[in-house]
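The structure appears right after this line, and notes come after that.
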Protein chains: 2
Amino acid sequence: MPRAVDTGEPSRERSPSRIGTCGVLCEECRVRPISVCRSLAGPALDELDAITQRVRLAAGRILFDEGEPADNLFTLTEGVVKLFKMLPDGRRQITGFLVPGDFLGLAYFRSYAYSAEAVTDAHLCRFPRERFMALLERHPALEKELLSRASSELAAAQEQMLLLGRKSARERVASFLASLARRHGSTGGSLIALPMSRYDIADYLGLTVETVSREIQAAKASGVIEMPDRHHFRVVDRQRLEAAAASG
Amino acid sequence: MPRAVDTGEPSRERSPSRIGTCGVLCEECRVRPISVCRSLAGPALDELDAITQRVRLAAGRILFDEGEPADNLFTLTEGVVKLFKMLPDGRRQITGFLVPGDFLGLAYFRSYAYSAEAVTDAHLCRFPRERFMALLERHPALEKELLSRASSELAAAQEQMLLLGRKSARERVASFLASLARRHGSTGGSLIALPMSRYDIADYLGLTVETVSREIQAAKASGVIEMPDRHHFRVVDRQRLEAAAASG
DNA sequence: TCGCGGCATTGACCCAGATCAAAAGGTCGG
DNA sequence: CCGACCTTTTGATCTGGGTCAATGCCGCGA
């Protein structure tokens, strides 16, 4: 099992620039800094910067394991991270794929409720739990932002329960591709990355690799999508993709 | 489709009693008042009481439908309520069963992300969204409580994803019974209510009624549980029940 | 450049749980 | 008390997707 502890020095000096309403700035990702909090005003941002540590995580490395003491919170600034839970016998359920801007290690737990692993090389901002919580006390706006994020995560989780409990394999794969396309903001025709393996997709959709592969092939064959290579696709017929997803 | 709008007059007069750290008091359920917020101090409670409306809901009636404008938030004070999402063709996934003390209609959405229906006769406290949000502004402790609840709901949702995506029918039913027993705080041997129908259980576990029925019969036959009637059970062999649940 | 190891795809077969069917309780209005 | 209707149980059969087995593909290290 790969295990990463890639630190990142506290970096006390003020970030040299901020763009728009964005908050914590990742030095290496300056081109695309991601806010931990869209609605934070100046002072809160400064304090957040002060407790921020930069972390890098190579693809395939574990950020933390389920059950570990939850000593840190994170925001993802670059790359893709997957969250998952496992059963004692090795069966795995991926509960989500995080993209830049997403928050990780949500508060109010003694220990992490899931494991987190990098799908691609990733950059994160790390906040020591204690200090972050103290900051939360002083800045209700930050708390509000977290509540808002928790709410949308909850809605996404419920949607995923619908998928896992009631959708067919074809519908699951179509839903997955459609939601990637939606997240991508693609109006159709643009190239969308599929950075995770077929195994990851299977463990996210509650299927086997073989079934995922077959359904993706079927989607290609029916002309709903195009795939220039295994890790990129294009939505050719959005209508039919959405229909196949059976979205409520 | 049954549809309930059972109001409940604003009830402006102060609640005559409070027990321990409990908050909003349901007049009819005085024997067991349930807090909306364990950590609220006096002033916040008074303000909460001021915007509270009592609502009653007969078994089988809808509190609200997915997609409706989310004009109200609720806490359940008595009874059991189920939350669910549906697909256009009628397939249904129940995402949770609420018990007294649970919060409902979480903030930061324009419209409800799911439908809510009473499993048994239920009593709720209703808070008009606007006023509740305003109150939230003034009382960070309330916000903190909501965040805490959202976090545990999220953890529960992830556990359910693991169940729906990766567990067998036997494991699902065992997990369900085990979690009811845990929630009940049963040390073993005590009678636990199973107020929902087999259909509801099936739609919660992503199975069919027939499969749920068969697995429950199997659990009885193997001596893991006892059932004095169809809507009550007793855990006879907690060891084996937990083992069958394959809980991570 | 070659060869190895981990993805990905494809095919053949199988089985857990769905579907179909029917009977047995239970509940409620009249 | 009757009868209609619904929930639950039980049995028989079917099938979507899992399992097992190969082969192809690709990236990487030496």
Side-chain angles (χ1 to χ4, degrees), chain A residues 1-2 58-61 82 87 89-94 117 119-121 163-177 193-221 225 227-233 244 246, chain B residues 1-2 58-60 82 87 89-94 119-121 163-176 194-221 225 227-233 244 246:
Chain A
M1 281 279 134
R61 314 228 86 192
K82 65 190 177 207
L87 290 173
D89 66 0
R91 281 173 287 173
R92 182 179 69 155
Q93 179 65 39
I94 291 180
E117 178 182 326
V119 170
T120 66
D121 291 349
L163 179 148
L164 292 170
R166 290 302 180 212
K167 288 188 182 178
S168 71
R170 175 142 311 173
E171 289 167 338
R172 292 180 200 205
V173 170
S175 298
F176 178 64
L177 297 175
L194 206 60
M196 64 292 290
S197 73
R198 300 291 191 259
Y199 284 91
D200 284 346
I201 299 174
D203 282 347
Y204 180 59
L205 298 179
L207 300 172
T208 59
V209 219
E210 293 92 331
T211 300
V212 168
S213 183
R214 280 187 253 267
E215 290 304 334
I216 289 179
Q217 298 314 311
K220 284 201 295 192
I225 59 165
M227 294 198 84
D229 70 272
R230 276 181 247 227
H231 289 288
H232 293 88
F233 74 101
Chain B
M1 279 278 134
K82 65 191 178 204
L87 290 172
D89 65 1
R91 281 174 287 173
R92 182 179 69 153
Q93 179 65 38
I94 292 181
V119 171
T120 66
D121 291 350
L163 180 148
L164 292 171
R166 290 303 180 212
K167 289 188 181 178
S168 70
R170 175 142 311 176
E171 290 166 339
R172 291 181 202 205
V173 170
S175 298
F176 178 64
L194 207 59
M196 63 291 289
S197 73
R198 300 290 190 261
Y199 284 92
D200 285 346
I201 298 175
D203 282 347
Y204 180 59
L205 299 179
L207 299 171
T208 60
V209 218
E210 293 93 329
T211 299
V212 168
S213 182
R214 280 187 253 268
E215 291 303 335
I216 289 180
Q217 298 315 311
K220 284 202 295 191
I225 60 166
M227 294 198 87
D229 70 272
R230 276 180 250 234
H231 289 289
H232 293 88
F233 73 102

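Below, chain A is the first sequence line, B the second, and so on; all start at residue 1. All figures in this text were calculated on a predicted structure; none of them were measured in a lab.
- Using a 4.5 Å cut-off on side-chain heavy atoms (C-beta onward), B:R172 and B:L164 make contact.
- Closest heavy-atom contact between B:I216 and B:I225: O-CD1, 4.4 Å.
- Put simply, the side chain of B:R214 and the base of D:dG11 share a donor and an acceptor less than 3.5 Å apart.
- A straight line from CD of B:E215 to C1' of C:dG17 spans 9 Å, rounded to a whole angstrom.
- Which of D:dT9, C:dA18, C:dC20 sits closest to the side chain of B:T211 comes down to C:dA18.
- Checking the phosphate oxygens (OP1, OP2) of C:dA8, no side-chain nitrogen or oxygen of A:S213 falls inside 4.0 Å.
- Between A:D200 atom CG and C:dC7 atom C1' the separation is 11 Å, expressed in whole Å.
- Here D:dC26 presents its P atom at 10 Å from CG of A:D229, a figure rounded to the nearest Å.
- Here the side chain of A:L207 is nearest to one of C:dG17, C:dT19, D:dG18, namely D:dG18.
- Between the side chain of A:R214 and the backbone N or O of A:V209, no donor-acceptor pair lies under 3.5 Å.
- Rounded to a whole Å, the CD1 atom of B:I201 is 8 Å from the P atom of D:dT8.
- As a whole-Å value, the separation of B:I216 CD1 from C:dG25 C1' is 16 Å.
- Atom pair A:D203:CG and C:dA8:P shows a separation of 12 Å (rounding to whole Å applied).
- For A:H231, a side-chain nitrogen or oxygen approaches OP1 or OP2 of C:dA8 to under 4.0 Å.
- Mapping A:V212 and A:R230 onto DNA chain D by nearest heavy atom places A:V212 at the nucleotide closer to the 5' end.
- Rounded to an integer number of Å, the gap from B:E171 CD to C:dG17 C1' is 14 Å.
- Between A:R170 and A:A218, the shortest heavy-atom distance links the atoms NH2-CB, 3.6 Å.
- Following rounding to the nearest Å, B:Q217 (CD) and C:dG17 (C1') show an atom-to-atom distance of 17 Å.
- Residue B:R198 places its side chain closer to D:dT9 than to any other of D:dT9, D:dA21, D:dG17.
- Position along DNA chain C of the nearest nucleotide to B:E210 versus A:S197 favours A:S197 as the more 5'-ward residue.
- Of the possible donor and acceptor atoms, none in the side chain of A:H232 sits under 3.5 Å from a partner among the backbone N and O of A:A193.
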